[in-house]
Amino acid sequence: MERPISFVSDYTEGAHSEILRRFSETQMEQLEGYGADKYTASAKEKIKNACGCPEAQVVFLTGGTQTNKFVIDVLLRPYEGVISAHSGHINAHEAGAVESTGHKVLAVQGKNGKLCAEDVERCVAAYNGDSAREHTVKPGMVYLSFPTEYGTIYTKSELEAISAACRKHGLPLFCDGARLGYGLMSRECDLTLKDLAKLCDVFYIGGTKVGALCGEAVVFTRGNMPAHILSLVKQHGALLAKGWLVGLQFDTLFTDDLYFKISRHAIDMAERVKAALVDKGYKLFIDSPTNQQFVIMQNAQIAALSDRVRFETWEKYDDENTVVRIATSWATKEENIEKLIKLL
């Protein structure tokens with residue numbers, strides 16, 4: 001029986017062939033450990049140039065949950081928490097990783113997965129107006145993701161307003177960029193990587209979901225990286241002895257715009273899926289301009305397709321229908337898109 005095609009997620013494949021080629025070429029080199037190697041240094045410079053932020057400081061970690069947990073923990077004081085949309089990854093899908101550090105996620109409702117500046121203002125005002133605030137958790141930073149859990153993206157004006165609110169109240173703005181390439185390459189995006197670097201205090205460029213075997217590049221944009229960063233990384237059990245494993249991947253991804261080119265491929269594939277869904281009369285659960293498409297399907301149809309195509313079951317819609325997520329990636333094959341469209 002033919003193996004089912006999969007659109008479950010954007011990290012089901014291995015790594016881009018150019019990364020594997022460079023691994024093969026360099027694997028017998030004897031390199032300095034813990035990220036002190038030449039490839040990691042080169043990757044940092046390429047990222048700073050791409051961000052238009054020569055003063056940026058870059059540190060590499062291996063996975064998204066690890067990165068979110070680490071950044072939030074090292075930037076917050078013990079009595080502070082982090083503001084997030086209720087649907088934000090750190091609140092909904094990270095098994096309490098942030099809370100395990102002693103920091104509360106201060107969840108606000110948001111809309112379509114996004115925070116707004118007013119959410120930040122309300123959260124800060126509620127704390128400041130509480131006569132018993134010394135017994136509550138102080139808002140200490142703001143977390144958002146780009147794209148969001150629903151594949152939606154912030155406009156430049158929306159992010160400028162959030163950034164202004166954060167600076168007004170002295171709150172670092174942290175952007176989870178696990179799927180950053182797919183957000184920036186969306187045809188509806190009016191933000192650039194340089195804009196993001198100007199508006200955020202810290203963000204990360206996701207590699208795990210965008211062409212790398214693993215790895216996330218954390219960018220502190222204002223000379224605000226905590227002192228003794230490698231000691232902090234090691235305390236969190238996140239310091240790779242073979243740090244070049246991640247550095248080499250980002251050095252490759254940020255050569256000749258590879259990161260952006262492969263991200264645009266995922267968007268091209270998602271747009272074909274979205275157009276086919278609309279043409280065939282399916283109801284979209286949310287209008288996503290990125291590589292994640294959310295569609296309402298009949299439970300019976302999902303069962304009938306299960307042997308031929310795999311989706312991520314997102315949430316129950318009603319007794320007869322379910323929301324499923326169809327995710328494309330840097331590695332999605334055009335022939336699989338054609339197969340999916342025929343099956344739909």
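Model, not experiment: these values are computed from the prediction. As a basis for the values below, the full set of heavy atoms in this structure was taken, side chains included, without hydrogen atoms, waters or symmetry mates.
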Can you tell me if [X] has over 12 outside heavy atoms packed within less than 6.0 Å of its [atom1]?
{"X": "Y11", "atom1": "OH", "result": "no"}
{"X": "E32", "atom1": "CD", "result": "yes"}
{"X": "E320", "atom1": "CD", "result": "no"}
{"X": "Y34", "atom1": "OH", "result": "no"}
{"X": "R222", "atom1": "CZ", "result": "yes"}

Quiz prompt | Residue from I262, I205, V210 passing side-chain contact (heavy atoms from CB on, under 4.5 Å) with L253 | solution = I262

Quiz item: Out of I286, D287, T148, which residue meets the side-chain contact (heavy atoms from CB on, under 4.5 Å) rule with N112?
Solution: I286

Quiz item: Is the centre of the F294 ring less than 6.0 Å from the centre of the W314 ring?
Solution: yes

Exercise. Output, in order, the C-alpha distance, side-chain angles, deciding distance and verdict of side chain to side chain contact (heavy atoms under 4.5 Å, CB included) for L245 and F23.
Key: CA-CA 8 Å; L245 285 171; F23 272 147; 3.9 Å; yes

Do [X] side-chain atoms and [Y] backbone N/O form a donor-acceptor pair below 3.5 Å?
{"X": "S186", "Y": "G183", "value": "no"}
{"X": "S100", "Y": "A97", "value": "yes"}
{"X": "R325", "Y": "V8", "value": "yes"}
{"X": "D10", "Y": "A327", "value": "no"}
{"X": "Y182", "Y": "K209", "value": "yes"}
{"X": "Q66", "Y": "T62", "value": "yes"}
{"X": "T26", "Y": "E29", "value": "no"}

Regarding [X] and [Y], do their side chains bring together a donor and an acceptor under 3.5 Å, going by distance alone?
{"X": "E149", "Y": "S145", "answer": "no"}
{"X": "D201", "Y": "N224", "answer": "no"}
{"X": "H236", "Y": "D73", "answer": "yes"}
{"X": "N291", "Y": "T328", "answer": "no"}
{"X": "T65", "Y": "N68", "answer": "no"}

Nearest-0.5 Å distance that lies between atom [atom1] in [X] and atom [atom2] in [Y]:
{"X": "F285", "Y": "Y317", "atom1": "CZ", "atom2": "OH", "result": "7.5 Å"}
{"X": "K114", "Y": "I162", "atom1": "NZ", "atom2": "CD1", "result": "8.5 Å"}
{"X": "K38", "Y": "L248", "atom1": "NZ", "atom2": "CG", "result": "10.0 Å"}
{"X": "L159", "Y": "D195", "atom1": "CG", "atom2": "CG", "result": "8.5 Å"}
{"X": "N336", "Y": "S6", "atom1": "CG", "atom2": "OG", "result": "9.5 Å"}

Exercise. Under the side chain to side chain contact (heavy atoms under 4.5 Å, CB included) rule, what do R179 and Q292 come out as? Steps first, then yes or no, please.
Key: CA-CA 10 Å; R179 294 184 169 94; Q292 301 178 86; 3.6 Å; yes

If I compare all heavy atoms of [X] with all of [Y], which pair ends up nearest, and what's the gap?
{"X": "L115", "Y": "A85", "answer": "CD2-N, 3.6 Å"}
{"X": "Q293", "Y": "S288", "answer": "NE2-O, 3.0 Å"}
{"X": "I153", "Y": "P147", "answer": "CG2-CB, 4.1 Å"}
{"X": "T332", "Y": "S329", "answer": "OG1-N, 2.7 Å"}
{"X": "V137", "Y": "Y127", "answer": "O-CD1, 3.6 Å"}
{"X": "P4", "Y": "D307", "answer": "CB-O, 3.6 Å"}

Show me the donor-acceptor pairs within less than 3.5 Å that the side chains of residues 167-174 make with the rest of the protein, sequence neighbours left out.
{"residue": "R167", "atom": "NH2", "partner": "K198", "partner atom": "O", "Å": "2.7"}
{"residue": "K168", "atom": "NZ", "partner": "E121", "partner atom": "OE2", "Å": "3.4"}
{"residue": "H169", "atom": "NE2", "partner": "E121", "partner atom": "OE1", "Å": "2.8"}

Quiz prompt | Derivation of the side chain to side chain contact (heavy atoms under 4.5 Å, CB included) call for H103 and R77 | solution = CA-CA 9 Å; H103 299 292; R77 295 182 178 181; over 6 Å; no

Shared ILVMFWY cluster between [X] and [Y], side chains joined below 4.5 angstrom?
{"X": "V74", "Y": "V58", "answer": "no"}
{"X": "L106", "Y": "M141", "answer": "no"}
{"X": "L230", "Y": "M225", "answer": "yes"}
{"X": "F146", "Y": "I267", "answer": "yes"}
{"X": "V105", "Y": "F70", "answer": "yes"}

Under-4.0 Å salt bridge between [X] and [Y]:
{"X": "E45", "Y": "K48", "answer": "yes"}
{"X": "D319", "Y": "K316", "answer": "yes"}
{"X": "D257", "Y": "K46", "answer": "no"}

Self-check item: Cluster companions of L305 among Ile, Leu, Val, Met, Phe, Trp, Tyr (side-chain spacing under 4.5 Å)
Solution: I5, F7, M269, V273, L277, V278, Y282, L284, V295, M297, I302, V309, F311, V324, I326, I337, L340, I341, L343, L344

Self-check item: Trace of the side chain to side chain contact (heavy atoms under 4.5 Å, CB included) decision for R22 with I19
Solution: CA-CA 5 Å; R22 291 198 70 195; I19 287 175; 6.0 Å; no

Quiz item: Of all residues at least two apart in sequence or in a different chain, which pass the salt bridge (Lys or Arg N to Asp or Glu O under 4.0 Å) check with E18?
Solution: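 Result, salt bridge (Lys or Arg N to Asp or Glu O under 4.0 Å) vs E18: R21.
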
Practice problem: For a ring pair (Phe, Tyr, Trp, His ring centres under 6.0 Å) with Y259, tell me which candidate from F254, W330, F250 qualifies. | Solution: F254

